[in-house]
Amino acid sequence: MANEAASPVCYAPADELFACAAPRIYMAEQYRKDFPVLDQKIHDHPLVYLDNAASAQKPRMVMDAMTRFMENDYANIHRGVHELSVRATDKYEAVRGTVRRFINAAHDDEIIFVRGATDAINLVAASWGRTFLKAGDEIILTTLEHHANIVPWQMLRDSIGIKLVVVPITPEGDVRIEDVKAAFTSRTKLVSVAHVSNALGTVLPVAEIIKLAHEHNALALIDGCQAVSHMPVDVRGLDADFYVFSGHKLYGPTGSAILYDKREILKQMPPYQGGGDMIASVSFKETTYKEPPHRFEAGTPAITEIIGLGAAIEYVSTIGLNRIARHENELLAYATEKLRAINSLKIIGTTPNKAGIISFTMEGAHPHDIGTILDRQGVAVRAGHHCAQPLMEFLGIAATARASFGLYNTKADVDALVAALRKVQEIFA
Amino acid sequence: MANEAASPVCYAPADELFACAAPRIYMAEQYRKDFPVLDQKIHDHPLVYLDNAASAQKPRMVMDAMTRFMENDYANIHRGVHELSVRATDKYEAVRGTVRRFINAAHDDEIIFVRGATDAINLVAASWGRTFLKAGDEIILTTLEHHANIVPWQMLRDSIGIKLVVVPITPEGDVRIEDVKAAFTSRTKLVSVAHVSNALGTVLPVAEIIKLAHEHNALALIDGCQAVSHMPVDVRGLDADFYVFSGHKLYGPTGSAILYDKREILKQMPPYQGGGDMIASVSFKETTYKEPPHRFEAGTPAITEIIGLGAAIEYVSTIGLNRIARHENELLAYATEKLRAINSLKIIGTTPNKAGIISFTMEGAHPHDIGTILDRQGVAVRAGHHCAQPLMEFLGIAATARASFGLYNTKADVDALVAALRKVQEIFA
Amino acid sequence: MTNAALDTDLRDLYQDLILDHGKHPRNFRIAKNANHEALGHNPLCGDRLMLYVTVDDDNVVQDVAFQGSGCAISMASASMMTDMLKGKTLAEVGALFDYMHGACTGETVTPAGLAEDDVDRIKALAGVRHYPMRVKCATLAWHTLQAALKNEKKVSTE
Amino acid sequence: MTNAALDTDLRDLYQDLILDHGKHPRNFRIAKNANHEALGHNPLCGDRLMLYVTVDDDNVVQDVAFQGSGCAISMASASMMTDMLKGKTLAEVGALFDYMHGACTGETVTPAGLAEDDVDRIKALAGVRHYPMRVKCATLAWHTLQAALKNEKKVSTE
Ligand SMILES: Cc1ncc(COP(=O)(O)O)c(C=O)c1O
Ligand SMILES: Cc1ncc(COP(=O)(O)O)c(C=O)c1O
């Protein structure tokens with residue numbers, strides 16, 4: 001996958017907006033200026049933001065799209081005949097098309113707007129899970145899943161008695177397709193796995209996993225939170241049944257996220273939340289629901305944020321996901337080499353199948369101490385369990401420090417990280 | 001309630017931010033300039049925005065707060081040791097205090113940040129409802145509820161067999177306390193009612209209703225969506241158990257909303273959604289949850305939007321809810337008088353207990369035709385069932401046209417509405 | 001917009017023919033013996049109409065009736081449609097539907113082979129094309145017709 | 001910030017005393033016969049420590065021990081705390097807690113009646129007050145102590 005992502009082939013559909021020139025030279029500096037937050041000092045040092053896997057910064061264009069919308073076109077959607085409501089509805093609904101093209105879905109109505117990836121997985125667990133699963137049915141997960149892809153299934157397990165089957169990872173942090181294969185039984189109904197691990201950066205062989213799922217008459221949910229910002233994603237190419245991601249990790253606003261859900265499956269799913277805008281008719285005796293996607297968007301949605309997400313997708317698409325992938329993979333290779341040279345440092349997750357995330361520990365220095373010392377030098381990394389406690393337990397560590405790259409990071413950022421890590425060594429010598 | 005709201009007594013706590021001078025003269029014009037969207041023409045007519053009950057426009061200050069946050073302090077919250085994450089977490093958590101003061105709650109941890117009022121009611125229905133209710137238990141609603149306060153309870157009814165008891169309204173649109181009293185039985189566990197009807201503008205006697213509920217050992221949920229922007233709200237004074245409202249109707253961003261939930265009740269509620277940030281520890285065997293409020297905020301919340309909601313609350317608090325209430329009540333009285341003078345027009349909801357909302361029908365002209373003709377003259381009203389189909393059925397009408405006021409509306413706006421309605425009369429003469 | 005321009009603009013939608021049909025809908029009755037029927041519903045507006053169509057063995061529409069409630073546009077559209085359909089073959093009905101659909105969405109479909117009278121009526125309805133939120137009001141009856149002829153019992157436009 | 005200023009700044013938190021206790025925690029063992037124990041947990045960092053306290057009939061702390069894992073600050077704080085507590089009465093422990101809490105949150109509490117040695121150690125820990133995210137690391141052991149003495153089995157700081 002990493003190789004595929006790095007190839008210069010133009011992935012984007014031949015559509016003006018998404019045209020990508022894929023020139024050979026990537027100038028992260030050229031994009032840095034789009035992100036006002038990057039231009040500041042932290043404790044008197046220039047900010048080096050390497051916490052993109054937790055959340056990405058927002059380009060001026062996204063903020064402007066939101067402000068412009070609120071300045072010019074804002075109104076509640078769907079229910080109004082007046083001009084502002086028409087404009088707001090049109091702009092909101094148009095983002096479905098933007099998202100569809102971005103992930104190469106077949107239909108706009110397969111795109112559900114939700115609050116976060118967490119919300120999306122809870123929706124699937126509650127709506128699809130409670131409808132189609134019964135006691136004894138099995139869901140396959142892997143050891144490296146984010147809590148968002150564990151806890152909703154545990155809650156479902158505790159409520160209806162399904163079984164969770166966990167595929168272990170290799171010491172390098174890979175999920176081997178043989179191990180996934182071995183996890184299937186006749187009761188397997190769903191495989192729910194990350195596309196890219198937020199803790200280790202591992203790119204999972206999701207196309208093969210989905211194929212296996214379908215061969216076993218099971219469905220596949222892909223948690224794409226860490227994939228969509230790092231590489232082109234093609235849900236139809238993958239044949240994913242559900243694909244989820246959050247807007248805020250894709251340079252978009254908080255409060256916006258996508259659940260892609262195949263039309264035939266969506267049609268059979270009962271609503272998750274009840275309220276306005278998802279009903280066809282309500283009486284105290286009987287209520288009927290709208291067709292998807294609206295059935296799953298109860299109440300006033302995050303209208304402005306969805307407009308912002310549309311802008312973020314336009315932004316990354318204009319740069320081109322292939323170029324971003326190549327750039328980040330270069331950074332990853334460079335950082336890996338530099339970090340390897342620090343003798344007290346251990347990279348956690350050494351598979352070559354990685355996207356712009358690098359986790360590590362240091363002898364004698366706890367990740368939180370690393371985080372604090374780096375912060376005092378302007379370098380923002382994350383330290384902790386990365387919402388992947390079962391993975392940490394599996395690895396026998398309490399936490400890691402994690403640097404994760406965005407399209408605006410540079411080799412100079414990596415150099416600053418390395419210099420800051422030397423200070424950690426010095427203090428904990 | 002309308003009288004109380006209109007009184008010049010300063011409600012706000014003696015706290016700088018919330019100090020209110022309550023001068024006698026209210027200058028809506030002075031606040032109009034804070035709302036850039038108002039300054040535009042629709043079909044060559046100046047925009048007259050009277051669709052505030054569907055969603056309110058955003059003051060410059062709210063947009064700026066969001067943009068400034070994204071420009072300077074943005075990061076994911078709670079899990080980071082670096083400076084931006086600390087700043088973002090502090091700002092996000094500080095809004096709990098802002099909301100607490102705004103509705104006079106006792107503790108910050110009684111304030112849960114959710115996606116919308118719809119989300120809030122679904123949360124209570126799923127978490128509290130499934131834990132504390134069993135087949136045969138009863139929930140009291142009224143005929144005038146918004147679908148958001150009907151459908152979640154119907155879904156719960158269909159899943160666990162509770163009973164919904166509906167209190168009828170008077171022809172004037174009032175909910176009489178005798179009628180509520182008559183609805184209680186020994187099985188009543190919850191009363192869930194609107195504070196202000198979004199369709200008619202009726203202010204319900206919620207303090208008395210809550211008292212009745214408590215006398216019957218039942219809890220009370222108040223849907224405050226249409227109240228918080230129109231009058232001071234004091235959840236402790238009311239003794240509400242749950243109080244919900246959406247940010248977007250309070251001049252704040254979409255995607256932000258509040259569930260106020262009494263500490264003792266909240267403590268007993270299991271989580272609603274599972275994911276990151278709401279857990280204490282996760283293993284595949286057993287997962288433990290954080291204490292409220294975080295237990296109910298799974299995944300990355302709408303960080304920027306909550307910051308924006310905080311700014312919106314500061315904005316309205318600086319003006320003063322008492323002043324806004326007095327101003328809107330004046331507009332309502334003025335509009336009522338003017339609309340009464342149109343002979344083919346019928347006001348729906350004639351109780352004097354109303355907050356800034358006025359619903360009406362016109363002889364021979366369907367509300368959607370009214371809406372279209374008004375829109376062509378720059379006047380934005382809503383036409384339809386207002387997500388209150390049972391109410392419409394009760395009233396024997398399919399829809400109404402609705403004008404709803406915000407703090408920036410003026411008598412000139414009402415005059416424009418009246419002039420535009422004359423054109424409807426002309427066309428449908 | 002001047003008052004005169006406004007009038008012209010609104011009169012484009014609310015033509016006398018529309019207002020007349022809206023106020024006095026033709027064929028507004030239940031037809032129990034119809035061999036096709038369907039319920040049309042626009043959840044946005046709450047417009048609802050029950051359509052009854054009787055088609056004989058030669059595929060000729062013998063009777064069309066409707067009942068329901070809704071805005072002037074949807075009622076007028078239903079009323080005018082019922083007036084137009086009687087005596088037409090199903091092929092002619094299909095051609096009329098296509099022309100109507102095109103006219104309301106702003107496509108240019110040539111009214112080849114259609115009666116002048118029908119074309120005029122549809123042109124009157126086509127005023128909605130400048131009112132995007134109202135297009136569904138004008139087309140509800142026609143979509144309900146399609147559903148009825150396909151023996152689908154319910155149709156909902158969104 | 002110059003390199004020297006940075007060093008001073010970081011050395012304020014990572015003083016030699018802290019680093020030493022962090023690396024070589026004292027009283028790091030299980031004490032099965034303790035009459036008070038509690039598990040402290042900071043979900044943010046994943047720091048965890050099990051604290052064992054033996055208090056005799058005269059309300060004097062006879063033994064304190066702990067085991068766990070965490071950052072340098074939380075381990076050093078626990079280690080230094082165990083060193084300080086032995087031989088103190090519960091009243092003295094309370095005074096120490098108050099002083100510690102004040103020092104870490106930036107309040108000024110006078111160390112009235114405390115041993116000079118204890119005050120120095122607590123001042124070393126109080127470097128965290130300029131690191132808001134790390135205050136809980138320094139206070140975890142102390143909150144766990146309180147829980148143990150109140151016979152609460154678990155405490156979680158957030
Ligand atoms: C009284 C009332 N309750 C609930 C809601 C639902 O709020 P939201 O759509 O923001 O979830 C609304 C607004 O539409 C309302 O007016
Ligand atoms: C792999 C993965 N899955 C799920 C999530 C949850 O996303 P959110 O917190 O936006 O709901 C995240 C981000 O924290 C993630 O990295």
Side-chain angles (χ1 to χ4, degrees), chain A residues 36-37 42 51 54-55 57-58 63 67 70-72 74-76 79-84 115-116 118 122 146-148 150-152 154-155 164 166 246 248 253-255 273-276 279 281-284 287 298-300 302-305 368 371-372 375 380 382-384 387 389-390 393, chain B residues 36-37 42 51 54-55 57-58 63 67 70-72 74-76 79-84 115-116 118 122 146-148 150-152 154-155 164 166 246 248 253-255 273-276 279 281-284 287 298-300 302-305 368 371-372 375 380 382-384 387 389-390 393:
Chain A
V37 77
I42 299 287
D51 193 19
S55 202
Q57 297 297 342
K58 319 306 169 200
M63 300 181 218
T67 303
M70 291 190 273
E71 280 177 356
N72 297 309
Y74 182 77
N76 210 331
R79 286 167 271 165
V81 291
H82 62 79
E83 172 72 15
L84 290 184
R115 180 181 66 80
T118 302
N122 278 278
H146 187 281
H147 294 164
I150 299 175
V151 186
Q154 288 184 322
M155 289 167 66
L164 305 184
V166 183
S246 286
H248 69 94
T254 45
Q273 295 191 322
I279 57 94
S281 80
V282 171
S283 75
F284 280 106
T287 288
T300 305
I303 309 171
T304 308
E305 292 61 42
H368 276 92
T372 293
D375 177 55
R382 193 125 302 217
C387 291
Q389 285 184 3
E393 196 170 324
Chain B
V37 76
I42 299 287
D51 193 20
S55 201
Q57 297 297 344
K58 318 306 170 201
M63 301 180 215
T67 303
M70 290 189 273
E71 280 177 357
N72 297 308
Y74 182 78
N76 210 330
R79 284 168 272 168
V81 291
H82 62 77
E83 171 71 16
L84 290 184
R115 182 180 66 79
T118 302
N122 278 276
H146 187 281
H147 293 164
I150 298 175
V151 186
Q154 288 184 321
M155 290 167 66
L164 305 184
V166 184
S246 285
H248 70 92
T254 43
Q273 295 191 323
I279 58 94
S281 79
V282 172
S283 76
F284 280 107
T287 288
T300 304
I303 309 171
T304 308
E305 292 62 40
H368 276 90
T372 293
D375 177 55
R382 192 123 307 215
C387 291
Q389 287 184 2
E393 196 170 324

Non-hydrogen atoms of B:H248 and A:N76 that approach each other most closely: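 That closest heavy-atom pairing would be CE1-ND2, 3.7 Å.
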
Heavy atoms only: give me the nearest A:G274-B:P152 pair and the separation to one decimal.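 The pair with the smallest heavy-atom distance is O-CG, 3.6 Å.
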
Is a side-chain N or O of [X] found less than 3.5 angstrom from the main chain of [Y], in a donor-acceptor match?
X      : Y      : result
B:Q57  : A:Y74  : yes
B:N122 : A:Q273 : no
A:T254 : B:T304 : yes

Among the options B:S283, B:G255, B:S55, B:P253, pick out the one with the most heavy-atom pairs lying under 4.5 Å from chain A.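 Among the listed options, the one with the most contacts to chain A is B:S55.
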
Would you mind telling me which of B:M63, B:K58, B:E305 has the largest number of heavy-atom pairs within less than 4.5 Å of chain A?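 Top option by heavy-atom pairs under 4.5 Å: B:E305.
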
Go through the atoms of [X] and report whether side chain, backbone, both or neither lie under 4.5 Å from a heavy atom of chain B.
X      : value
A:V282 : both
A:M155 : side chain
A:E393 : side chain
A:I279 : side chain

Give the member of [options] that has the highest number of heavy-atom pairs under 4.5 Å with chain B.
options                        : answer
A:G384, A:A298, A:G371, A:S246 : A:A298
A:T372, A:L164, A:I150         : A:I150
A:G276, A:G116, A:P390         : A:P390

List in chain and number order the residues that pass ring pair (Phe, Tyr, Trp, His ring centres under 6.0 Å) with A:H146, two or more places apart in sequence or in another chain; answer none if no residue qualifies.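 Listed in chain order: nothing, the list is empty.
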
Part of B:Q154 within contact of chain A (heavy atom distance under 4.5 Å):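 When you check distances to chain A, only side chain atoms of B:Q154 fall under 4.5 Å.
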
Against chain A, label B:V81 side chain, backbone, both or neither, depending on which of its atoms sit under 4.5 Å from a heavy atom there.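 Its backbone and side chain both get close to chain A.
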
Side chains of B:Q389 and A:T287 in contact at under 4.5 Å (non-hydrogen atoms):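 They are not in contact (no side-chain heavy atoms under 4.5 Å apart), so the answer is no.
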
Taking only residues two or more places apart in sequence or in another chain, which ones pass side chain to side chain donor-acceptor pair (under 3.5 Å) with B:H82?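 With sequence neighbours excluded, B:H82 shows a side chain to side chain donor-acceptor pair (under 3.5 Å) to A:D51, given in chain and number order.
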
